[in-house]
Amino acid sequence: MKTKILVTGGLGFIGSHTVVALQEKGYDVVIIDNLSNSDISVLEGITKITGVRPEFEAIDLRDKAKVIDFFNRHSDIKGIIHFAASKAVGESVQKPLLYYENNINTLIYLLQQMQDKEIRNFIFSSSCTVYGEPDSLPITEAAPIKPALSPYGNTKQIGEEIIRDTAKAYPEFNSIALRYFNPIGAHPTAYIGELPLGVPQNLIPFVTQTAAGIRQELSVFGDDYPTPDGTAIRDYIHVVDLAESHVVALERLLNNRQKANFEVFNIGTGRGSSVMEIIKSFEKVNGLKLNYKIVGRREGDVTSVWADTSLAEKELGWKARLSMEDALRDAWHWQQKISK
Ligand code: WQD
């Protein structure tokens, strides 16, 4: 019998790549997704890559009755990887209650069902945003959590706290929170990738859409940061590597190898790249020129963030294999495919 894993938000950017990684390792996957920021065609992409069509249910996790009904019908789930959430920082400032409902209520309903149905293993999508502007670099998991800069960031902090308290109260409950740095790229087959809604807020989709002629010009938000070239630095991780980290984290839980029943790991590459370095690398690996201009800083942006990944390496045996250049090439192939 194959081990069955529930992936919420499994048609989203990171979720879909994780479904591929799980299926390639022989897991049975059931996806829940409300299609609010994803497309049903992603199911075909996953099927093309893996040769297996995952089970899929279009459920909105805010609908508690539907969530209960789902778990009543799927008694064989052994673990949950929970991606379903809203993630636009700016929108969260405009619509805080929507973000708290989407990201917190749904988490609670899932955890309640896990308790009720004795499902033990839970992987949570957290974010390096919990660190705010770091006091020292690279950032380790022991760095202090800073007051969140947005309701979105706050939902990740609160989410971790809810899980930590649950783990304390129920020793049989096992959980890992993965704090992602900046996920980019697409599957090298270009069958799945990122599908941003409307005008992209994140750097790489804006870069690829500019290269494709959908946007006229990329705005570089600030060149007066205290960094070598004046632009802000982030730790960009290929989504295929990120997806892989979920499988190893899940297996740590399934095989009872964790050291505490709630653990937190940074998932990045350990390497920082500036916005200017991203632009130059994108141009170089893809052999094209990007239209860009320097504008003022974006409110709420921090100067530099990159991960210390030694804990994930030591405990999970996981390390990013792909480079930022690989990710920029794959992102561009994907963009070319979807803009045809
Ligand atoms: C990267 C760099 C921008 C767009 C955010 C969330 C985080 C996470 C990922 C999500 C910054 C610069 C960007 C543009 C630019 N969570 N930039 N021009 O802000 O590091 O992280 O997304 O689910 O929680 O905060 O990522 O891709 O928006 O920006 O110059 O048009 O690119 O200023 O330095 P960020 P990003």
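Start at 1 and go down the list; that is how both ligands and their atoms are numbered.
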### Task
Give the numbers and elements of all ligand 1 atoms closer than 4.0 Å to a heavy atom of A232.
34 (O)
#### Entry: E24 CD to T50 OG1 distance, which is reported to the nearest 0.5 Å
7.0 Å
### Hydrophobic cluster identity match, Y180 and I192, side-chain contacts under 4.5 Å
yes
### K146 NZ: over 12 foreign heavy atoms closer than 6.0 Å
yes
### Query
Purely on distance, is any nitrogen or oxygen of L203 under 3.5 Å from one on ligand 1?
yes
### Query
Please state which protein non-hydrogen atom is closest to atom 1 (C) of ligand 1 and give its distance, to 0.1 Å?
Y236 OH, 3.4 Å
### Query
In the protein, what heavy atom is nearest to atom 29 (O) of ligand 1, and what distance, to one decimal place, separates them?
R298 NH2, 3.4 Å
### Message
Can you name the atoms of ligand 1, numbered from 1 with element, that are less than 4.0 Å from a heavy atom of Q201?
### Response
4 (C), 28 (O)
### Message
So if I count the atoms of ligand 1 from 1 in the order they appear, which ones are less than 4.0 Å from some heavy atom of N182?
### Response
20 (O), 21 (O), 26 (O), 35 (P)
### Task
For H17 and F83, run ring-ring contact (aromatic ring centres under 6.0 Å, His included): C-alpha distance rounded to whole Å, both residues' side-chain angles, the deciding distance at 0.1 Å, then the answer.
CA-CA 11 Å; H17 289 82; F83 293 104; over 10 Å; no
### Query
Quick one: nearest non-hydrogen protein atom to atom 9 (C) of ligand 1, plus distance?
N202 ND2, 4.1 Å
### Query
From E277 CD over to R271 CZ, what is the distance, rounded to the nearest 0.5 angstrom?
7.0 Å
### Message
Using a 4.0 Å cutoff against the non-hydrogen atoms of V220, which atoms of ligand 1 qualify?
### Response
30 (O)
### Query
Just wondering, more than 12 heavy atoms not from K319 lying within 6.0 Å of its NZ?
no
### Query
Does Y152 have a non-hydrogen atom less than 4.0 Å from ligand 1?
yes
### Message
I want to know if ligand 1 touches F206 in the polar sense, i.e. an N/O pair below 3.5 angstrom.
### Response
no
### Query
Under a single-linkage definition using a 4.5 Å side-chain heavy-atom cutoff for Ile, Leu, Val, Met, Phe, Trp and Tyr, are I158 and V264 assigned to the same hydrophobic cluster?
yes
### Query
Backbone N or O of P138 within a donor-acceptor pair of the D308 side chain at under 3.5 Å?
no
### Task
Would you mind checking which non-hydrogen protein atom is closest to atom 33 (O) of ligand 1, with the distance to 0.1 Å?
D301 OD2, 2.5 Å
## Note on the structure
If you scan protein heavy atoms around atom 18 (N) of ligand 1, the nearest is S219 O, 2.7 Å
### Message
Give me the nearest non-hydrogen protein atom to atom 20 (O) of ligand 1 as residue plus atom name, then the distance to 0.1 Å.
### Response
R234 NE, 2.6 Å
### Message
Quick check on contacts: which atoms of ligand 1 are under 4.0 angstrom from a heavy atom of S127?
### Response
24 (O)
### Task
Run the contact test for F13 against ligand 1 with a 4.0 Å cut-off on heavy atoms, strictly below, and give the result.
no
### Query
Going by the atom numbers of ligand 1, which of them fall below 4.0 Å from some non-hydrogen atom of V89?
6 (C), 25 (O)
### Query
Do S86 and N102 get their side chains close enough for a donor-acceptor pair, meaning under 3.5 Å?
yes
### Query
For the residue pair P54 and V52, what are the closest heavy atoms and their distance?
CD-O, 3.3 Å
### More than 12 heavy atoms from other groups under 6.0 Å of OH on Y170
no
### Message
I need the nearest protein heavy-atom contact for atom 17 (N) of ligand 1: residue, atom name and distance, please.
### Response
F221 CD1, 3.5 Å
